[in-house]
Each structure stands twice: as structure tokens, then as C-alpha cells.
Amino acid sequence: MPTYRDEVVVLRTHKLGEADRIVTMLSRRHGKLRAVAKGVRRTSSRFGARLEPFMVADVQLYQGRSLDIVQQAETLGSYGADIAAHYDRYTSAHAMVEAADRLNEAEATPQQYLLLVGGLRALARGEHASRSVLDSYLLRAMALSGWAPGLSECARCGRPGPHDTFVAQLGGMVCSDCAPTGAARVHPETATLLESLMAGEWERVDAASPGSGAAASGLIAAYAQWHLERGIRSLSHVAAEPGGDR
């Protein structure tokens with residue numbers, strides 16, 4: 001059977017039979033993949049530990065009738081242990097891979113792969129507050145999928161900002177004429193933080209107040225879950241405010 005190689009991020013796994021696993025991966029060149037890793041639950045497995053969630057690997061697969069088969073796996077990024085050792089990192093990483101798993105095949109591009117690898121690497125190294133890494137990832141992943149929130153102009157009519165109302169259902173920040181009655185106002189610091197998270201301006205992100213960080217996180221979670229059409233379950237376990245390990 002034909003074989004192929006690719007770089008992948010492991011999103012999730014589940015048991016198959018007594019010793020196998022089905023591994024769901026986001027790959028660099030082939031989109032999302034689901035493949036059987038035979039015998040990886042045995043202690044003698046040569047590459048079982050390389051196919052755990054949050055791991056980045058170079059894999060060789062061959063095409064099966066229904067599911068492909070993992071033949072080889074070489075570690076490219078071993079982030080699992082450093083992420084799992086910190087609750088903030090672990091829950092944020094779970095939310096990131098769950099969001100990546102929601103991508104349809106057309107959205108699972110090389111850019112999405114690289115974005116997820118970069119986010120997991122940042123979490124493993126503790127470069128920034130874990131919730132901030134997650135928030136920045138969600139904004140950028142949505143933008144790559146064609147759902148970039150309007151932040152500097154009204155998302156509905158295009159009127160230049162700044163504006164002080166964020167409505168997920170309307171696509172982001174909206175002007176006073178487009179804002180529905182009762183829509184919550186956004187503090188200017190929170191609005192600036194949203195733009196910094198989208199642009200990856202980490203000095204500004206790291207200097208933001210906890211209150212602005214928590215407010216921005218709530219808006220981003222609402223926006224991502226609205227456009228994904230169902231909730232990201234892992235977000236319920238993520239701390240409400242950025243902070244924790246650095």
C-alpha cells in the first residue's frame with residue numbers, strides 16, 4: 001500500500017481493542033488525519049509515548065481502507081510533560097487542541113499547523129500567561145479560518161473605530177448605531193488588549209491588568225464558540241484570569 005510522511009501535532013487519542021489506539025492529528029501537509037497506531041499501549045511499544053496529545057512528530061503512515069496506519073514516529077517537539085506539569089498550561093493546551101480538532105478539512109492548512117505548534121511550544125516554555133497564549137491562538141486560528149473578528153472598524157457597517165461594544169454574533173466590535181440594545185460595553189484597555197492578542201504584541205499583552213485579561217478572555221471564548229457552532233468543553237476548566245505559571 002502507498003506510504004507517506006508528514007509532520008503532525010497529536011490532538012487526541014482513544015483506545016482501540018486491547019493494545020491499539022486511534023490517533024487524531026493535525027498535519028502540516030495533509031490536513032487532519034485519523035490513523036491507527038498498532039500496539040502502542042503495550043509497554044514494549046517503540047513509539048507509544050511519541051503519539052500522546054500535545055506531541056509534535058514526524059510520522060510515516062500507509063493508507064488503509066478506512067483508517068491509515070502509523071508505521072513510524074519520530075519526536076520533533078516533546079511538549080507533553082512540560083505542559084502536563086502545570087494545570088494552567090494543561091487546560092489551555094486542551095482547549096487549543098480541541099479548537100484545532102473542530103476545524104473542517106478546508107481549514108486545516110499548514111498555517112493552522114504552524115500556529116498550533118507555536119502555541120504549544122509557548123505553553124511548554126511558560127513564556128507568557130497560559131490563558132493569554134490560548135486567547136491569542138483562538139483569535140488567530142479563527143482569522144485563518146476566515147472568521148477574523150472586527151476590532152478596529154465596526155464589524156457590521158465598517159465605520160472606523162474605536163468602538164466600545166463587542167457582539168460575537170455580529171463579528172466583533174460594533175459602533176453605537178449597530179450595537180443591539182443592552183449590549184455590554186468594552187473598556188478601552190480591554191479593546192486594546194484584543195488587538196494586541198491578535199497581533200502578537202506580547203509586551204503589551206503581558207503588561208495588561210488581570211481585569212482586562214479576564215474580560216478579553218470572556219469575549220474571545222464567546223466569539224470562538226459562536227463561530228464553531230458548539231462549545232469548546234475544555235474552556236470550562238481554564239482559569240478565568242490570565243496568570244499562574246510563567
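One-based numbering along the sequence shown. In this text, all values refer to a predicted model and were calculated from it rather than measured experimentally.
Of the charged side-chain nitrogens involved, at least one lies within less than 4.0 Å of a carboxylate oxygen, so that R5 and D58 count as a salt-bridged pair. Contact check on R131 versus D88 returns no salt bridge, with no Lys/Arg side-chain nitrogen under 4.0 Å from an Asp/Glu carboxylate oxygen. Using a 4.0 Å cut-off between charged nitrogen and carboxylate oxygen, E189 and R204 do not count as a salt-bridge pair.
A single hydrophobic cluster is seen to contain both L123 and L26, as judged by linkage of ILVMFWY side chains at heavy-atom distances under 4.5 Å, directly or through other members. Cluster membership for V56 and L103, using ILVMFWY side-chain heavy atoms within less than 4.5 angstrom, is not shared. Residue L219 is not grouped with residue V167 when hydrophobic side chains (ILVMFWY) are merged at heavy-atom distances under 4.5 angstrom, including chains of intermediate members. Both Y113 and V133 are assigned to one and the same hydrophobic cluster, defined by single-linkage of ILVMFWY side chains at heavy-atom distances under 4.5 Å. L33 and M55 are not part of a single hydrophobic cluster, where members link through side-chain heavy atoms under 4.5 Å apart.
Here CZ of R21 is found 4.5 Å from OG1 of T13. Values are rounded to the nearest 0.5 Å. Atom OG1 of residue T24 and atom CZ of residue R12 lie 3.5 Å apart, to the nearest 0.5 angstrom. The CZ atom of R28 lies 10.0 Å from the CG atom of L76; values are rounded to the nearest 0.5 Å. Within the model, atoms OH of Y223 and CG of L138 stand 11.5 Å from one another, a figure rounded to the nearest 0.5 Å. Between atom NZ of residue K15 and atom CG of residue D20 there is a gap of 12.5 Å, rounded to the nearest 0.5 Å. Distance check: Q72 CD to T3 OG1 gives 9.0 Å after rounding to the nearest 0.5 Å.
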* Show the numbers, then the answer: is there a salt bridge (charged side-chain N to carboxylate O under 4.0 Å, His left out) between R125 and D82? => CA-CA 7 Å; R125 294 176 178 175; D82 289 330; over 6 Å; no
* With side chain to side chain contact (heavy atoms under 4.5 Å, CB included) as the test, would you mind laying out the steps for L116 and M96 before giving the verdict? => CA-CA 7 Å; L116 182 57; M96 288 166 60; 4.1 Å; yes
* To do: Report the C-alpha distance between L134 and T91 in whole Å, list the side-chain angles of each, state the deciding distance to 0.1 Å, and finish with yes or no for side chain to side chain contact (heavy atoms under 4.5 Å, CB included).
  => CA-CA 10 Å; L134 167 61; T91 54; over 6 Å; no
* **Step-by-step side chain to side chain contact (heavy atoms under 4.5 Å, CB included) determination, E52 to V10** => CA-CA 6 Å; E52 295 291 336; V10 178; 5.8 Å; no
* Verdict with supporting geometry, L194 and F166, side chain to side chain contact (heavy atoms under 4.5 Å, CB included) -> CA-CA 11 Å; L194 289 171; F166 187 99; 4.1 Å; yes
When the side chains of residues 144-157 are checked against the rest of the protein, which donor-acceptor pairs come out under 3.5 Å, sequence neighbours left out?
residue: S145; atom: OG; partner: Q112; partner atom: NE2; Å: 3.1
residue: S145; atom: OG; partner: A141; partner atom: O; Å: 3.2

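Listed here is the closest heavy atom pair of E98 and S234: OE1-OG, 2.6 Å. The two residues T165 and A183 have their closest heavy-atom pair at CG2-CB, 3.5 Å. Scanning all heavy atoms of the two residues, the minimum distance from R50 to A73 falls at NH1-O, 2.7 Å. For R159 against S176, the heavy-atom pair with the smallest separation is NH1-OG, 4.4 Å. Taking every heavy atom of both residues into account, M25 and L61 meet most closely at CE-CD2, 4.1 Å. Nearest heavy atom pair, residue H30 against residue S27, reads N-OG, 2.9 Å.
Evaluation of the ring pair (Phe, Tyr, Trp, His ring centres under 6.0 Å) rule for H94 yields F54, Y90 as partners, not counting sequence neighbours.
Checking side-chain atoms of E127 against main-chain N and O of A122 turns up no donor-acceptor pair under 3.5 Å. A donor-acceptor pair under 3.5 Å is formed between the side chain of S236 and the backbone N or O of R233.
The shortest side-chain heavy-atom distance between I22 and R34 falls under the 4.5 Å cut-off. Considering only heavy atoms from C-beta on, L193 comes within 4.5 Å of L197 through its side chain. Counting only heavy atoms from C-beta outward, the side chains of S136 and W202 approach each other to under 4.5 Å.
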